[in-house]
Amino acid sequence: MTTPVYLDNHATTKVDPRVLAAMLPWFGEEYGNASSRQHAFGWRAEAAVELARGRVARLIGAESREVIFTSGATESINLAIKGIVQAGTSRGNHVVTSAVEHPAVLDTCRALERQGVEVTVLPVDRHGRVAPEDVTRAITPRTVLVSIMTANNEVGTLEPVAAIGSLCAERGVPFHSDAAQAVGRVPVDVRTMNVTALSFSAHKMYGPKGVGALYLRSTRPPVPLVPQMDGGGHERGLRSGTLNVPGIVGFGEAASIALAEQQGEADRIRGLRDRLEAGLAAALPDITVNGDPSGRLPHNASITFVGARADRIMMEMKDVAVSAGSACGSADAGPSHVLKALGLAPAAAASTLRFGLGRFTTEEEIDYTIRRVVETVAAIRARMPKLEPA
Ligand SMILES: *Cc1c(COP(=O)(O)O)cnc(C)c1O
């Protein structure tokens, strides 16, 4: 075992060696532009892209033509939300989302708000779950989009997306879901979800950074979507720009591996996660596990350690890579908006660590982590000034 132990698989995952091997030729001799229609370099690149598109589509139960390649989930989310809202201005200008969304969704909605779009941000229960009835109540005749995530990136809660999808479909309101944490980790099927658009990313599922996809349901007439990038008309005019062929090939390989191994892998990782939570609970009083006990990501453990601040724990435990509740690349060091939405007090939110397990996590690493967290938290708590009895 080597340290630091990597337990931050919500932030990103290691590229699977099989994915790396599949990508390498496309950085070398196979350098064609997938849009070059006049020669073999282009034809081979295009064939590789289309093979990958089929693999990515299969993972989410979609058809190839419903997959648009982008630079990642952030871009897919921007394209879906801005694109659908801008295309719907004749019908209305109201968007419904939730308080626990990733900044890629919340900041995109805020940007639209500055342009006059009305945004309803739904609250969640103490487990981080959106109530489908709240979505029903929030929808008005002027609602042009509902965007609710598939799985939360801080506390792992699985949202009731299938129920939300069907209630949106009944009302003819497009439904987008940010599935960056779910695809490749838990079964995701765009048909049972009844989703109009779905955003996800290769680097969250053992693929490369800088490549993602937007699923856009194929309907007649097509879902109206205003492109956010003008140019050569790639990806059926919806996302111009030369395709990232090596990245897309890697994404396809990652999708194939996920489809074949997802179930067994999720069971193994859930076992390790449960071992981690049980080990910590057995040795430390006053800890609570966040997220929905009835449905959360198998690789997530969000734990509040009363009386020990997360930044302190991380500072004294540099040999284990975890994150505090809020770790979405934003510079703001304030308490996590997700933990706040769950109703955690500021002190509890500031004492919460997020553990993200993954394909390469071992039992030895989990046992080491239990030992290190227990000794670090116990030491910090022992140094706390004792409160005088009242
Ligand atoms: C990582 C993540 C994103 C952003 O994905 P990128 O591909 O890094 O842009 C969006 N939403 C959620 C829930 C995420 O976990």
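Numbering of ligands and ligand atoms starts at 1, following listing order. Numbering of residues begins at 1 and proceeds along the displayed sequence.
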Q. Do the charged groups of Arg275 and Glu363 touch, with an N to O distance under 4.0 Å?
A. yes

Q) Ion pair present between Arg44 and Glu50, side-chain N to carboxylate O less than 4.0 angstrom? A) no

(Q) Check this for me, if you would: do Arg53 and Glu235 make a salt bridge, where the nitrogen-to-carboxylate-oxygen distance has to be below 4.0 angstrom? (A) yes

Q.
Less than 4.0 angstrom from a charged side-chain N to a carboxylate O is my criterion; do Glu159 and Arg129 meet it?
A. no

Q. Which parts of the protein, at residue level, reach under 4.0 Å of ligand 1 through a heavy atom?
A. Gly72, Ala73, Thr74, Ile77, His102, Met149, Asn153, Asp178, Ala180, Gln181, Ser201, His203, Lys204

Q) Is Glu364 salt-bridged to Arg371, cutoff N-O under 4.0 Å? A) no

Q: Answer yes when Arg191 and Asp189 have at least one side-chain N-carboxylate O distance shorter than 4.0 Å, and no when they do not.
A: no

